[in-house]
Amino acid sequence: MNNKISIAQVQALVIIASLGFEILILPMLVNSIMECIIISLIAFLLCLIAIYSDFSINDSKVLSFIYSVKNILVIILSIRILGNAVKTVLLNNMYIGQIILIIMLAIGYAAYKGIETIARIAQMLFWFIFIGTIYVYITSTLDIKFNNIDFRISNFPKLLAYGLIINIAEIIILLKPFLSQGKKNVLTSVIISILLITFITFVIIGRLGIVGVKKSQYPLFELMYTANLPSVFIKRQEGIFISLWTISALISIFIYYTVTIDFMKNLNIDKKAGLIFMTLFVLIISYFYNDYNSIRTYCFLQIIGGLITVIFIPMFYILCRRKKVD
């Protein structure tokens, strides 16, 4: 393993990760499809900054520390959200602690193997997840009620902040130090991801309505359970598609966890020691963190932390590069 990944692998990682927490959380935040479009456009602009900012986290211990701290907090909240979602829709009879332990063992092993292993897995699973996801939502468009589609905007400044919750730009920044090639064609995966997020949110709102979305704990899963999917292959297809979402969410956590272990080496922390400490720390905090506040705290962290890691630092390097050119 050379700890380097190709453009094709980055594209697979970015698109699969965008089918995780973004499509779970975004429908809970917006009040109309127009708000979703605005948030997606903001996220796209942030991705442009991420792609064209000329810096590598591995070049600085300060950057490694900042991004590692932010990543650990994101991982804790993401694991808690994923664990609670899996318990709610798939494994009602298991304790949340057992689910979190299984998740931690999986991501700990993946982090030990390195980012190249995760990238290869994502590349192998890409078409299975992509086609399966498209199948669900294309089929669900048949049940859309167009009177549920609203284009009003309630709070524009809030929408600007919500753009930071879509973490595609941050994932690109985290993966850039591991690219074996240039940044060519990364933008293609960004466009596909943004379109998918917007389309899926449109289907959820159109199918459930804003009132139905607000009443549901997880609108994404509610859609999967209530959609009239043709039983072409197997019955109980919603379980398969919820599992596809779970894999996508895990890929997102894998990225954060794996790159953080690598960044710790820049802080003179041994990989095995860092992995053990981080696994135990995340496991304990994730277990005791309150379920109710996890999504709200996740959104708050992505907005506040994203101002630093997705906007301020990349823009600083873009401005510095322009001054050198001048």
Side-chain angles (χ1 to χ4, degrees), residues 14-44 81-82 85-86 88-90 125-154 159 162-163 165-168 189-249 251-252 295 299:
V14 169
I15 294 172
I16 291 177
S18 71
L19 297 174
F21 294 102
E22 280 77 5
I23 64 173
L24 178 74
I25 295 174
L26 187 58
M28 303 177 187
L29 302 177
V30 298
N31 294 309
S32 71
I33 188 60
M34 182 57 70
E35 291 188 355
C36 175
I37 292 172
I38 292 172
I39 291 172
S40 297
L41 289 174
I42 298 300
F44 178 74
I81 294 169
L82 176 58
V86 170
T88 301
V89 299
L90 288 178
L125 294 175
F126 175 75
W127 288 111
F128 177 65
I129 295 173
F130 184 78
I131 293 174
T133 302
I134 291 296
Y135 168 77
V136 172
Y137 295 103
I138 288 292
T139 304
S140 298
T141 56
L142 301 175
D143 298 322
I144 286 179
K145 300 175 182 177
F146 287 97
N147 60 337
N148 289 332
I149 306 301
D150 192 350
F151 291 93
R152 290 177 294 179
I153 301 173
S154 59
L159 301 181
Y162 283 168
I165 296 174
I166 299 179
N167 65 352
I168 300 173
S189 61
V190 169
I191 294 171
I192 293 172
S193 299
I194 295 294
L195 290 176
L196 279 173
I197 291 170
T198 305
F199 172 66
I200 290 170
T201 305
F202 170 80
V203 173
I204 292 173
I205 293 175
R207 179 70 175 81
L208 303 179
I210 294 298
V211 175
V213 168
K214 299 305 178 185
K215 287 182 178 179
S216 176
Q217 182 180 7
Y218 297 110
L220 175 70
F221 301 140
E222 186 69 23
L223 173 72
M224 291 184 181
Y225 277 115
T226 59
N228 296 318
L229 302 178
S231 298
V232 178
F233 303 108
I234 54 174
K235 296 182 179 179
R236 302 290 298 173
Q237 294 181 63
E238 68 275 1
I240 298 295
F241 298 119
I242 290 173
S243 298
L244 292 180
W245 173 84
T246 303
I247 295 172
S248 300
I251 291 292
S252 181
I295 291 180
C299 294

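Owing to the predicted nature of the structure, the values given are computational and were not obtained by experimental measurement. This chain uses plain numbering: 1 for the first residue, then up along the sequence.
Separating the OG1 atom in T198 from the CD1 atom in I166 is a distance of 7.0 Å, to the nearest 0.5 Å. Put simply, CD1 on I197 and CZ on F44 are 12.5 Å apart, with the number rounded to the nearest 0.5 Å. Here L195 contributes atom CG and S40 contributes atom OG; the two are 8.5 Å apart, rounded to the nearest 0.5 Å.
Between I39 and T201, the closest side-chain pair of non-hydrogen atoms is not below 4.5 Å. Side-chain contact between Y162 and I25 is absent, with no heavy-atom pair separated by less than 4.5 Å. In this structure, the side chains of I37 and F202 stay at 4.5 Å or more apart for every pair of heavy atoms. Using a 4.5 Å cut-off on side-chain heavy atoms (C-beta onward), L26 and I200 make no contact.
Heavy-atom minimum distance, L244 versus T133: CD1-N, 4.3 Å. The shortest heavy-atom contact between K214 and M28 is NZ-O, 2.8 Å. In terms of heavy atoms, S189 sits closest to I15 at O-CG1, 3.8 Å. In this structure, I204 and P27 approach most closely via the heavy-atom pair CD1-CG, 3.7 Å. Closest non-hydrogen pair, E35 versus L29, comes out as OE1-O, 4.5 Å.
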Worked check of side-chain contact (heavy atoms from CB on, under 4.5 Å) between W245 and L82: CA-CA 10 Å; W245 173 84; L82 176 58; 3.6 Å; yes
Step by step, would you call I194 with I168 a side-chain contact (heavy atoms from CB on, under 4.5 Å)? CA-CA 9 Å; I194 295 294; I168 300 173; 3.9 Å; yes
Go through the steps to decide whether L196 and I134 satisfy the test side-chain contact (heavy atoms from CB on, under 4.5 Å), and finish with yes or no. CA-CA 9 Å; L196 279 173; I134 291 296; 3.4 Å; yes
Verdict with reasoning, F199 to I138, per side-chain contact (heavy atoms from CB on, under 4.5 Å): CA-CA 9 Å; F199 172 66; I138 288 292; 3.9 Å; yes
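Using a distance-only test at 3.5 Å, with no hydrogens or angles considered, no donor-acceptor pair links the side chain of S216 to the main chain of V213. Not a single donor-acceptor pair under 3.5 Å links the side chain of S252 to the backbone N or O of S248.
With a 6.0 Å radius and a threshold of 12 heavy atoms from other residues, nucleotides or ligands, K215 has its NZ atom at or below the threshold.
Taking the six-membered ring where tryptophan is involved, the planes of F130 and F126 are essentially parallel, since the angle between them stays under 30° and well short of 60°.
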